[in-house]
Amino acid sequence: MTTKPALAIDGGRPVRPATLPYGRHRVEQADVDAVVRALRSDWLTTGPAIDEFEAAFAKTVGTPHAVALSSGTAALHAAAFAAGIGAGDHAVTTPLTFAASANCVLYLGGTVAFADVRPDTLNLDPARVEACLTPRTKAVITVDYTGEPSDLDELEALCSRRGLTLIEDASHALGATYRGRPVGSVARLTTFSLHPVKHITTGEGGIVTTDDAKLAARVRMFRNHGIAREHHHREDWRYEMTELGFNYRLSDFQAALGLSQLERLGDLIARRRQIAARYTRAFAALPEIEVPVTLPDREAAWHLYVVRLRLEGLRVGRAEIFRALRAENIGVNVHYIPVPWHPYYERLGFRRGGWPVAENAYERMLSLPIFPAMTDADVDDVVSAVDKVLGHYRR
Ligand SMILES: *Cc1c(COP(=O)(O)O)cnc(C)c1O
């Protein structure tokens with residue numbers, strides 16, 4: 001006779017009465033007040049709150065320039081444009097990311113190549129990137145997967161040797177540091193997303209940081225139709241459209257929200273680090289779990305906490321574990337389906353099997369809930385549910 005509790009998926013009682021999501025934004029009264037003040041001001045878009053938010057963000061990441069845009073995807077598009085990617089050009093990125101990291105190259109008429117990742121951090125492997133370069137490669141787009149910074153010095157060295165621009169998609173990594181430097185001040189161009197699941201939010205929003213005034217000016221122009229001067233900085237009626245840009249502007253009241261949220265970034269990151277440490281301690285005793293790897297010369301920002309299952313110790317696959325945890329009301333997720341596996345990319349000619357490290361990791365991974373408002377009891381519920389489900393399916 002077993003005394004093990006029945007899994008919720010088999011009709012047993014779930015570990016939690018209601019779903020714990022994998023990520024969740026936090027809006028406080030100070031944020032609401034800041035947005036209301038902006039709504040009552042003279043500017044609803046591209047006004048003083050944008051300037052303030054950009055200045056504060058640049059200061060936070062320790063670089064001279066930050067340009068706010070309407071989404072993280074717009075930020076990537078603008079960065080790829082600023083890097084000089086045009087029709088027929090090539091760029092290299094990772095397969096283990098959200099599609100936007102690669103789509104930005106296609107928007108500009110370019111072609112993307114995917115380089116495989118390191119087996120430990122699952123970030124781009126610089127040696128694999130090198131093997132993907134062609135005479136038409138203009139940029140490398142690295143992604144700080146889960147918030148662990150990429151091998152930025154190696155990638156920057158590779159890029160400067162070959163005359164390429166390094167774009168760092170740091171959508172997961174606001175608040176991370178690399179060899180003592182904040183992410184946002186290391187690569188030529190860094191992009192962030194301000195979507196509600198990310199570290200701070202403006203609803204929808206994104207931002208590009210750079211130490212290069214010319215690149216910043218190109219991003220700024222791209223966000224405003226390719227027009228050189230912006231409305232609230234304009235003295236007379238003359239303006240010139242010199243590039244084909246977009247309307248990728250962020251609203252002033254969104255910038256006010258971002259500025260208010262940015263003030264709490266330190267606390268938000270500290271809490272994410274505590275949650276990650278609590279998971280890692282708890283899972284040390286579970287043989288079926290590989291915990292995320294972080295390297296000693298960088299501090300992760302923990303947008304995601306991704307474990308890999310040791311499937312050889314289990315009677316079922318990742319899909320069954322995923323469904324059983326969802327039934328326990330643990331909002332697990334998977335980040336990411338490799339980008340070249342998507343039907344759109346398959347139509348471009350990409351075939352499965354080209355990125356064995358990323359693809360093997362994908363088959364075994366689960367993102368566990370992590371967001372600053374989680375209590376220790378919430379973390380312990382996740383650990384109990386994982387323990388319960390893996391115990392049930394153990395060989
Ligand atoms: C969230 C995210 C994006 C896109 O950001 P949006 O603000 O949703 O457009 C791009 N890349 C990565 C890695 C992301 O996680």
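All ligand and atom numbering here is 1-based and tracks the order in the structure. Everything numeric here is computed off the predicted structure, so don't read it as measured data.
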Once you restrict both partners to nitrogen or oxygen, which atoms of ligand 1 have a protein partner under 3.5 Å, and how far apart are they?
from: ligand 1; atom 1: 5 (O); to: S193; atom 2: OG; distance (Å): 3.2
from: ligand 1; atom 1: 7 (O); to: G72; atom 2: N; distance (Å): 2.8
from: ligand 1; atom 1: 7 (O); to: S193; atom 2: OG; distance (Å): 2.7
from: ligand 1; atom 1: 9 (O); to: G72; atom 2: N; distance (Å): 3.3
from: ligand 1; atom 1: 9 (O); to: T73; atom 2: N; distance (Å): 2.9
from: ligand 1; atom 1: 9 (O); to: T73; atom 2: OG1; distance (Å): 2.6
from: ligand 1; atom 1: 11 (N); to: D169; atom 2: OD2; distance (Å): 2.7
from: ligand 1; atom 1: 11 (N); to: S171; atom 2: OG; distance (Å): 3.4
from: ligand 1; atom 1: 15 (O); to: H172; atom 2: NE2; distance (Å): 2.8
from: ligand 1; atom 1: 15 (O); to: K198; atom 2: NZ; distance (Å): 3.0
from: ligand 1; atom 1: 15 (O); to: Y336; atom 2: OH; distance (Å): 3.3

Open item on the list: Do the side chains of R162 and E130 get close enough for a salt bridge, i.e. N-O under 4.0 angstrom?
Closed with: yes
Open item on the list: Can you tell whether the side chains of E54 and R220 come within less than 4.0 Å, N to carboxylate O?
Closed with: yes
Linked hydrophobic residues, [X] as query - side chain contacts closer than 4.5 Å:
{"X": "V293", "answer": "L295"}
{"X": "V27", "answer": "V32, V36"}
{"X": "L155", "answer": "V92, L124, V129, L133, V140, L152, L158, L164, L166, Y178, V186"}

Open item on the list: Is the positively charged end of R40 above the ring of F253, judged by distance under 6.0 angstrom from the centroid and angle within 45° of the axis?
Closed with: no
